[in-house]
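For reference, the structure is listed below as structure tokens.
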Amino acid sequence: MPATLAAAPSFDLDRVLASIDTMAAQAPVAAQLVSIADAEDTDARTLARVLASDVALAGRVMKLANSAYFGMRGRVTSLQFAVTVVGFTTVRTMATVALTGLDDESRLPEGFWSMSTCVALGSAALAPRFGERPQDALCLGLLAPLGAALLFHDDEDGYGELCAAEPTAAGRRVAEVRRYGVHALRLTAVALEQWGFPPSMLLPLTAVDDPASEDGALLRAALEVAARLTVEDHVPVPVEELTCGRLGEDAVPPVLERVRTEAEELRLAMLG
């Protein structure tokens, strides 16, 4: 319960956002990829050339392109082709993961990537039902927990206790607001806005707590899918309530099965 947590630190949003700039300075290739991947004059050859300067990150893109998710197992043998297969937004997402230290599990809340990959794959699987592109939804799901990592970096002991006390995503957001004045998904939106990610990627993060908002419906459903797979004793919330009636429970079982099958491979691809 919140009353048992250590005293809340003096949370300074500007300091946390400034730490992102520090991270960028320490990972110049990833920072360059984040900057150019969305530029109109960037093509796959240019992106692959820059990506090749970071062997670890390039290896992850190759591994992801050859994963079961993209259905190209063993057929992607060049970095430029890998960039084409996964898409520019995915490369930018993977660079953001590297830039912010999300590829270092020792500096993340327990179970971070298990939850993250389930949210990402759940988003991608459900995206067509909401008129969204699966690859864009995959990237949103992968980056959505970025704010949780930033809070953990800033307040490791306190945030660890908060996560242990609040296993559900909705309960955790309430506790985050109480402790920090902002919840992790909102913090993710602020960080992504700072890096110039499009409004279409920010809106679901800010709308997730409005049950009447269709903008947050896909992310709410994906969080529910992830909770059913990763949170012990989770009490399922009807997806019809979470999605403004756009999904029924019959849509969930095949998504759970797909996510359960592909989550570990995606986790390994993202972590190298």
Side-chain angles (χ1 to χ4, degrees), residues 13 16-17 89 93 96 100 102 109 111-152 159 162-163 166-195 197-231 234-249 251-252 255-256 259:
L13 179 60
V16 171
L17 294 177
T89 303
T93 295
T96 304
T100 51
L102 298 186
F112 180 93
W113 273 107
S114 295
M115 172 64 79
S116 176
T117 50
C118 287
V119 174
L121 290 169
S123 296
L126 293 171
R129 303 288 295 268
F130 293 84
E132 303 288 344
R133 295 178 65 242
Q135 283 184 244
D136 292 344
L138 182 80
C139 293
L140 172 63
L142 287 171
L143 289 179
L146 168 62
L150 294 174
L151 292 175
F152 185 75
Y159 195 69
L162 184 151
C163 291
E166 297 288 352
T168 68
R172 191 169 298 175
R173 289 197 296 277
V174 172
E176 289 163 348
V177 171
R178 185 184 300 121
R179 186 172 178 83
Y180 305 108
V182 62
H183 63 65
L185 294 180
R186 175 62 183 160
L187 183 55
T188 299
V190 174
L192 295 184
E193 183 177 26
Q194 182 166 300
W195 278 321
F197 277 79
S200 60
M201 200 159 180
L202 311 181
L203 191 54
L205 296 165
T206 57
V208 71
D209 276 332
D210 179 0
S213 170
E214 295 194 359
D215 292 320
L218 173 56
L219 184 55
R220 285 194 295 273
L223 288 167
E224 173 63 17
V225 166
R228 293 188 188 187
L229 290 172
T230 62
V231 178
H234 174 67
V235 178
V237 180
V239 292
E240 189 170 359
E241 293 180 11
L242 298 170
T243 61
C244 307
R246 297 184 67 170
L247 286 183
E249 278 298 315
V252 177
V255 174
L256 289 173
V259 173

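Every heavy atom of this structure was used, including side-chain atoms; hydrogens, water molecules and symmetry mates were not.
Distance check: Leu102 CG to Leu143 CG gives 7.5 Å after rounding to the nearest 0.5 Å. For the atom pair Leu229 CG and Cys118 SG, the distance stands at 5.0 Å (nearest 0.5 Å). Taking CZ from Arg179 and CG from Leu162, the interatomic distance works out to 6.5 Å, rounded to the nearest 0.5 Å. Rounding to the nearest 0.5 Å places CG of Leu202 at 12.0 Å from CG of Leu185.
Looking at residues two or more places apart in sequence or on another chain, you find no salt bridge (charged side-chain N to carboxylate O under 4.0 Å, His left out) involving Glu193. Residues forming a side chain to side chain contact (heavy atoms under 4.5 Å, CB included) with Ala184 (at least two apart in sequence, or on another chain): Ala148, Leu151, Tyr159, Glu176. Annotation: salt bridge (charged side-chain N to carboxylate O under 4.0 Å, His left out) contacts of Arg246 (sequence neighbours excluded): Glu214. Shown here are the side chain to side chain contact (heavy atoms under 4.5 Å, CB included) partners of Pro198, two or more places apart in sequence or in another chain: Arg92, Ser200, Met201. Partners of Thr117 under the side chain to side chain contact (heavy atoms under 4.5 Å, CB included) rule, at least two apart in sequence or in another chain, are Trp113, Ala263, Leu266, Arg267.
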- Task: Could you walk me through whether Cys139 and Thr89 pass the side-chain contact (heavy atoms from CB on, under 4.5 Å) test, one step at a time?
- Result: CA-CA 7 Å; Cys139 293; Thr89 303; 3.7 Å; yes
- Take Leu247 and Val252 through the test side-chain contact (heavy atoms from CB on, under 4.5 Å) and record every step on the way to the result. CA-CA 8 Å; Leu247 286 183; Val252 177; 6.0 Å; no
- Message: Between Tyr180 and Leu150, does the side-chain contact (heavy atoms from CB on, under 4.5 Å) criterion hold? Intermediate values first, please.
- Response: CA-CA 12 Å; Tyr180 305 108; Leu150 294 174; over 6 Å; no
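The shortest distance between side-chain heavy atoms of Leu205 and Phe197 does not fall below 4.5 Å. For the pair Pro145 and Val119, the minimum side-chain heavy-atom distance is 4.5 Å or more. Looking at Leu13 and Leu187, their side chains come closer than 4.5 Å, going by heavy atoms from C-beta outward.
Looking at every heavy atom in both residues, Thr188 comes nearest to Gly147 through OG1-N, 2.7 Å. The minimum heavy-atom distance between Ala175 and Glu166, with the atom names listed, is CB-CG, 3.8 Å. Across all their heavy atoms, Ala189 and Thr206 have their closest contact at CB-CG2, 3.9 Å. Arg129 approaches Ala251 most closely through the heavy-atom pair NH1-CB, 3.6 Å. In terms of heavy atoms, Leu138 sits closest to Ala120 at O-CB, 3.5 Å. For the pair Val255 and Ala125, the tightest heavy-atom approach, listed with the atom from each and the gap, is CG1-CB, 4.0 Å.
When the shell of 6.0 Å around CZ of Arg186 is examined, it contains 12 or fewer heavy atoms from other residues, nucleotides or ligands. No more than 12 heavy atoms of other residues, nucleotides or ligands shown are found within 6.0 angstrom of CD on Glu240.
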Show me the donor-acceptor pairs within less than 3.5 Å that the side chains of residues 218-225 make with the rest of the protein, sequence neighbours left out.
residue : atom : partner : partner atom : Å
Arg220  : NE   : Leu242  : O            : 2.8
Arg220  : NH1  : Ala207  : O            : 3.3
Arg220  : NH1  : Val208  : O            : 3.2
Arg220  : NH1  : Asp210  : O            : 2.9
Arg220  : NH2  : Ser213  : O            : 2.7
Arg220  : NH2  : Leu242  : O            : 3.2
Glu224  : OE1  : His234  : NE2          : 3.2
Glu224  : OE2  : Arg228  : NE           : 2.7
Glu224  : OE2  : Arg228  : NH2          : 3.3
Glu224  : OE2  : His234  : NE2          : 3.2
Glu224  : OE2  : Val237  : N            : 2.9

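Within the structure, the side-chain hydrogen bond (donor to acceptor under 3.5 Å, both in side chains) test picks out the following pairs touching residues 130-151 (sequence neighbours left out): Arg133-Asp136.
Within the 3.5 Å criterion, the main-chain N or O of Phe112 finds no donor-acceptor partner in the side chain of Ser116.
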